[in-house]
Amino acid sequence: MSDFEHVFDAPPEGAGADWTIPQDWASYTGVEHRTWDTLYARQMKILPGRAADVFLKGLTALDLNTGGIPDFAVMNPKLQALTGWTVVCVPGLVPDDVFFDHLANRRFPSGQFIRKPDQLDYLQEPDIFHDVFGHVPMLTDPDFAAYMEAYGKGGQRAASLGVLQNLARLYWYTVEFGLMQDADGLRIYGAGIVSSATESVFSLEDASPNRLGFDLERVMRTLYRIDDFQQVYFVIDSIEQLKCETLQDFGPIYDRLKDAGPIAIDAILPTDRVFTRGSQTYAARGGRFAA
Ligand code: PHE
Ligand code: FE
């Protein structure tokens, strides 16, 4: 992760003790605003029929398509009225404890910068398009809002127990790359997918990845990749299911996981509920690095 541009060891100059910085909306350039508009328009061609209803409803409620990068001073009152969440700006990836503290207090930390015009399709660091377009619509849902707050508190606990790796996998396979069984079929709700034109299609329609029913302990054991499309996606039945299952005390689970060992990224277990048995050909050919 050291090759990331927006990574710091301590709050950089201008940041508060909680690592927040002003959005400074007036400082965005015309090019940056147009980048938002381009990305937004592109996703809106792809997401109807693919993104979960709850995501699309949240997007509409926030009204993020008024031209250019959303001004948090305008967006936050709408979000706060719905679920008590607000979005704050941070200078890049923040330390785990800072991240968890924000979530536990219903503050979502967002990158302030937007990707460059030559990075529309792929960047590894979360920018404001990923963070706001991808994450914030789900925060308008009361159950998801509660889940994210609980995750922040759970993160503080997991850190003190030395089991962050397990909890991080849960975040990855739900908040970032989750699929949901909607009334009309499989739908996307994970922010890493809905903010990516290519993965929005790949995650649902490609024959390569496995699509498996969500199982809490199984997910917390499953390895993941940060540099390419996922090789497995986990499907929840509803946000309510996710909230209810994660309400339980993870103490006994963490104890069991200590002896359980990780599960390979492309494994299908006899106990898995299989939606798609993937061919894994995309990964086998080298993924985005294929010749
Ligand atoms: N229930 C978890 C615990 O006891 C906390 C948690 C809730 C973690 C929701 C993730 C998501 O640690
Ligand atoms: Fe994210």
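We count residues from 1, following the sequence as given. Counting starts at 1 for both ligands and their atoms, following the listed order.
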Checklist line | Residues clustering with L269 (ILVMFWY side chains joined when closer than 4.5 Å, directly or via others) | finding: I263
Next item on the list: Answer yes or no: is there an ion pair linking D206 with R211, defined by an N-O contact shorter than 4.0 Å?
Entry: no
Next item on the list: Quick one: the NE2 of H135, the Fe ion (ligand 2), NE2 of H130 angle, rounded to 10°, please.
Entry: 90°
Next item on the list: Restricting to N/O/S, name the atom of E176 that gets closest to the Fe ion (ligand 2).
Entry: OE2
Margin query: Assess whether a salt bridge exists between R115 and D127, defined as any Lys/Arg side-chain N lying under 4.0 Å from an Asp/Glu carboxylate O.
Written below: yes
Item checked: Near ligand 1, at a heavy-atom separation below 4.0 Å: residues by chain and residue number -> Y147, A150, Y151, G154, R157, L167, L170, T246, L247, Q248, D249, F250
Notebook entry, point to check: Under 4.0 Å between a Lys/Arg side-chain N and an Asp/Glu carboxylate O for D249 and R157?
Noted result: yes
Check: According to the side chain to side chain donor-acceptor pair (under 3.5 Å) rule, which pairs have a member within residues 47-60, sequence neighbours left out?
Finding: R50-E205
Check: Can the ring centres of F202 and Y282 be said to be less than 6.0 Å apart?
Finding: yes
Note to self: According to ring-ring contact (aromatic ring centres under 6.0 Å, His included), does anything in residues 47-95 pair up with another residue at least two apart or in another chain? List the pairs.
What the structure shows: F55-F133
Next item on the list: Assess D131: does it contribute an N, O or S atom lying under 2.8 Å from the Fe ion (ligand 2)?
Entry: no
